[in-house]
Amino acid sequence: MESKYDHQKFEREIYRKWEDPGAFKPGNGKKPFCIIMPPPNANDPLHVGHAMFVAIEDILIRYQRMLGRKTLWLPGTDHAGIETQYVFEKKLAKEGKSRFDFDRETLYKMIWNYVQDNSNVAIDQIKRLGASADWSRKKFTLDPEIVDFVLDTFIKLHQDGLIYRDLKLVNYCVKCGTAFSNLEVGHEERKTPLYYLKYGPFTLATVRPETKFGDTAIAVHPDDKRYKKYVGQEIGAEGLLGKFKIKVIADSSVDPKFGTGAVKVTPYHDHNDFAIWKRHPELPKPAQVIGQSGKLNQNAGKYSGLRVMKAREVIVEDLKRLGLLVKVDENYHNSVGVCYRCGAVIEPLPMKQWFLRVKPLTEKALEALSKKQVRVYGSGHDKILKHWLENLEDWNISRQIVWGIRIPVWYQKNSTEYVVAKESPGKNFVQETDTFDTWFSSSQWPVVTLKTNQPKDFETFYPTDVTETGYDILPFWVMRMLMMGIYLTGEVPFKKVYLHGLIRDEKGQKMSKSKGNVINPLVMIDKYGADALRMALVIRSTPGQDKGMGEGDVRGMRNFSNKIWNAARYINLKSQNSNLKTTIQNPKPDREFYKRLSQTASLATKHLSNYRIGLAAETVYNEFWHWFCDEAIEKNKRQEISDKAIFEGLVTFLKLLHPFMPFVTEAAWGEIKKQKTKNNEQRTMMEEMLISAEWPK
RNA sequence: GGAUCGUUAGCUCAGGGGUAGAGCACUGCAUUCACAUUGCAGGGGCCGUAGGUUCAAAUCCUACACGAUCCACCA
């Protein structure tokens with residue numbers, strides 16, 4: 001054995017030695033254990049978030065496998081609709097092209113090929129972390145059988161009356177060219193000038209003067225004495241496009257203390273105004289003034305064709321000139337909806353979209369939570385999940401992008417009639433151009449991956465045991481899987497949810513490319529080994545709690561890998577010269593040694609079965625280094641503890657450490673097995689490979 | 001406006017009613033003897049503040065302060 005553990009020399013070879021004979025397959029255990037891997041974007045390079053989920057899930061999987069359970073970690077990849085199309089369009093832009101240069105089929109094909117070319121990027125990198133997943137069962141969200149299942153789900157939902165098409169104000173990103181669900185809209189505090197405009201006898205405060213051509217009413221609070229006389233009346237006013245008339249209504253959502261206590265109602269360009277409009281059926285149908293291009297349309301008269309911000313500028317100038325601008329509050333701050341993907345301001349636009357009625361699904365999910373059919377690990381996130389479920393609005397599942405599963409709806413030409421079907425119902429029908437939100441397929445992931453795999457997989461492994469992911473996608477993925485899993489099967493899709501925290505830099509700041517403080521997991525693996533990275537991520541981590549981490553942490557754990565290796569080397573060198581002595585020379589110290597060894601094993605086991613992974617890692621770390629190495633091995637050198645005890649101690653610790661640091665423990669296992677199996681008793685203690693060894697009691 | 005979480009060593013974080021822990025950083029000593037990617041020794045904490053419960057509080061409860069995050073129809 002070399003005096004230093006060389007991870008580069010072992011990792012790839014050991015991974016093959018596990019995978020080739022099928023060590024990642026479920027095996028013959030009686031009690032099943034299953035985790036569905038969160039499907040990473042098919043072509044996404046590895047980041048530290050992936051490393052975190054692999055580390056934690058692989059620990060759970062290896063632990064359960066060693067306990068002898070029929071263990072399945074089912075992997076897959078996601079087409080990641082908007083994410084992927086966004087990346088692809090950026091690539092097109094570099095070549096001086098845009099998506100509008102291609103027809104739908106060509107564009108889809110191009111993205112498909114692009115994803116194919118990169119499809120192994122994520123998988124190969126996840127393998128480098130040591131993920132012991134059953135790759136023979138891997139699924140991709142656009143595999144034909146998956147698509148087929150997802151379409152069936154939509155049809156079933158439609159039959160059950162949970163799907164509807166409606167004109168609503170949706171969150172539209174002009175830059176990405178698609179609508180989003182409410183969840184994908186971020187809110188940012190921004191300085192936005194507040195303009196006070198003259199509307200006949202009223203002065204109204206607004207941050208969006210450019211939408212005034214879509215004004216449908218003026219609203220005041222019902223108890224506001226200043227304006228009571230106008231309520232119900234139509235007032236005349238001078239505007240940019242000449243004289244106009246507008247109705248005054250009373251609505252209790254108006255805050256009399258804000259601005260002048262009177263507000264313009266622009267239903268097609270503001271969510272709140274849309275809600276007011278819905279409450280007042282006496283109001284006329286509103287006009288839309290901004291189109292999907294982000295430019296003002298013909299309803300804005302001479303301002304049509306201007307982009308929103310430019311239009312605001314020009315219109316404010318004109319209002320000023322006409323004396324219709326009373327004053328401007330330049331220091332006003334408000335919260336603006338922005339696209340989570342590209343950061344552009346979200347434009348609320350009226351569009352016909354497909355919605356999923358969520359109430360019947362959230363009710364069942366809440367029931368499952370209150371019956372404790374699902375347990376959430378992650379400080380406070382159980383309450384957050386509940387809050388989400390109690391307040392969830394209908395889910396807009398339409399996206400105006402091509403990279404995704406096309407909605408199976410067919411419209412009859414020159415008619416509003418439509419048919420929901422997988423195949424075209426006839427020549428006079430054209431298919432809906434929208435695709436599903438990526439999360440629509442992800443929400444069915446535990447069900448669909450098990451149902452389209454080996455014959456008995458679904459029956460054996462559903463409901464799965466744990467779902468594990470970062471808390472940042474709790475509402476996007478976990479909540480929706482819970483809803484859809486129950487809907488499709490009548491049972492929860494998982495019994496436990498483990499939400500890991502986000503990894504920050506060593507100063508506790510968020511990692512971002514622009515800050516340059518990103519830890520690249522592949523660089524860490526190359527430098528210090530996958531084991532070191534995994535252990536650094538996991539040790540003393542707490543579910544739901546963020547953790548700061550730097551290269552020093554990884555280096556420290558690399559030192560630990562080396563410590564493990566050298567403990568094995570110590571035993572090997574010893575037995576090279578003479579057979580290990582099996583006679584117990586000092587019964588009392590040995591007894592104490594065995595006692596602490598078994599206490600350590602049961603403590604680690606207790607922590608792991610309670611999903612206290614960070615604590616389990618810390619326990620085995622401390623006991624191995626500071627007790628087994630620093631004390632016990634030193635005593636063995638002085639023959640105060642027997643060789644047999646030390647050998648058995650090492651065997652136990654390699655097993656306890658294996659889920660956390662699989663490569664170095666497997667390498668060390670191989671070395672001691674190779675070196676010393678003359679002694680029968682020792683040989684029978686060691687199974688062929690550590691990955692399939694039995695967990696210590 | 002609502003909610004959730006946090007505040008422990010210089011930094012990053014564990015712990016969670018009974019004498020304060022780890023990694024990194026720091027100081028001193030040790031080098032053919034598994035490992036210098038090491039060992040031994042050490043410095044460094046009124047565990048955010050104020051009350052309460054208790055024989056006993058860093059730990060449980062209440063309030064407050066500060067910080068972070070999420071949600072929200074702040075015109």
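In what follows, every chain begins at residue 1, and chains take the letters A, B, ... in the order their sequences are listed. Any value given below was found using the heavy atoms of this structure, including those in side chains, with hydrogens, waters and symmetry copies removed.
A:H381 comes within 4.0 angstrom of nothing in the nucleic acid, heavy atoms only. Nucleic acid contact class of A:T542 (heavy atoms, under 4.0 Å, all strands): sugar-phosphate only. If you check every strand for non-hydrogen atoms under 4.0 Å, A:K383 touches sugar and phosphate atoms only. Contact annotation for A:F274: no contact, since no heavy-atom pair falls under 4.0 Å across all strands. Nucleic acid contact for A:K637: base, since at least one base atom lies under 4.0 Å from a heavy atom of the residue. At the heavy-atom level, A:S379 lies under 4.0 Å from the strands shown only through sugar-phosphate atoms. Using a 4.0 Å heavy-atom distance criterion, A:Q545 is classed as a sugar-phosphate-only contact. Using a 4.0 Å heavy-atom criterion, one finds that A:A567 contacts the bases of the nucleic acid, with or without backbone contacts as well. Backbone-only engagement by A:D630 is indicated by non-hydrogen atom pairs under 4.0 Å involving sugar-phosphate atoms exclusively. If you check every strand for non-hydrogen atoms under 4.0 Å, A:V254 touches a base.
Taking a heavy-atom distance under 4.0 Å as the criterion, the stretch of RNA chain B touched by chain A extends 5' to 3' from B:U4 to B:A75.
Taking the ring axis of A:Y332 as reference, the NZ or CZ atom of A:K191 does not stay both within 45° of it and closer than 6.0 Å to the ring centre.
Defined by atom type and a distance below 3.5 Å, a donor-acceptor pair is present between the side-chain atoms of A:Y570 and A:N636. In this structure, a donor-acceptor pair under 3.5 Å is absent between the side chains of A:N396 and A:S181. Judged by distance alone, the side chains of A:S561 and A:D531 never bring a donor and an acceptor atom under 3.5 Å apart. Between the side chains of A:T211 and A:K264, at least one donor-acceptor pair of N or O atoms lies under 3.5 Å.
Rounding to the nearest 0.5 Å gives a distance of 5.5 Å between CD of A:Q8 and CG of A:D526.
B:A22 and B:G43 are spaced 13 Å apart, taking the P atom of each and rounding to whole Å. Rounded to whole Å, the P atom of B:C73 lies 23 Å from the corresponding atom of B:C5. B:G28 sits 15 Å from B:G44 when the C1' atoms are compared, rounded to a whole Å. Taking atom C1' on both nucleotides, B:A36 is separated from B:A68 by 40 Å, rounded to a whole Å. Taking the P atom of each, B:U62 and B:U4 are spaced 12 Å apart, rounded to whole Å. Only the P atoms considered, B:A34 is 14 Å distant from B:C40, to the nearest whole Å. The C1' atoms of B:A58 and B:U7 are separated by 12 Å, rounded to the nearest whole Å. Taking atom P in both B:G67 and B:U59, the straight-line distance is 23 Å, to the nearest Å.
Note on ring orientation: taking the six-membered ring where Trp is involved, the planes of A:W277 and A:Y268 are perpendicular (angle over 60°, cut-offs 30° and 60°). Taking the six-membered ring for Trp and thresholds of 30 and 60 degrees, A:F628 and A:F624 have nearly parallel ring planes, at less than 30 degrees apart. Ring geometry, A:F653 versus A:W627: the interplanar angle falls from 30° to 60°, so the pair is classed tilted.
Across every strand in view, B:C46 sits unpaired, with no contact that passes the Watson-Crick or G-U test at under 3.5 angstrom. When Watson-Crick and G-U wobble pairs are counted only if both distances are under 3.5 Å, B:G21 pairs with B:C13. With a cut-off of 3.5 Å on both pairing distances, the Watson-Crick or G-U wobble partner of B:A65 is B:U7. Searching all strands for a Watson-Crick or G-U wobble partner of B:U37 with both distances below 3.5 Å returns nothing. Nucleotide B:C60 forms a Watson-Crick or G-U wobble pair with B:G52, both donor-acceptor distances falling under 3.5 Å. In a base pair of the Watson-Crick type (N1 to N3 plus N6-O4 or O6-N4) or a G-U wobble (N1-O2 and O6-N3), with each distance short of 3.5 Å, B:U31 is matched with no nucleotide.
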query = Could you walk me through whether A:H280 and A:D251 pass the side-chain hydrogen bond (donor to acceptor under 3.5 Å, both in side chains) check?
reply = CA-CA 9 Å; A:H280 294 269; A:D251 194 284; 2.9 Å; yes
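Comparing A:Y5 and A:S541 by the nucleotide of RNA chain B that holds the closest heavy atom to each, the one mapping nearer the 5' end is A:S541. For the pair A:N334 and A:D553, both in contact range of RNA chain B, the more 5′-proximal nearest nucleotide belongs to A:D553.
Annotation: proximity of residues 181-207 of chain A to RNA chain B (heavy atom, distance under 4.0 Å) is found for A:H187, A:E189, A:A205, A:T206, A:V207, numbered in ascending order.
For A:Y377 and A:Y611, the gap between ring centers is short of 6.0 Å.
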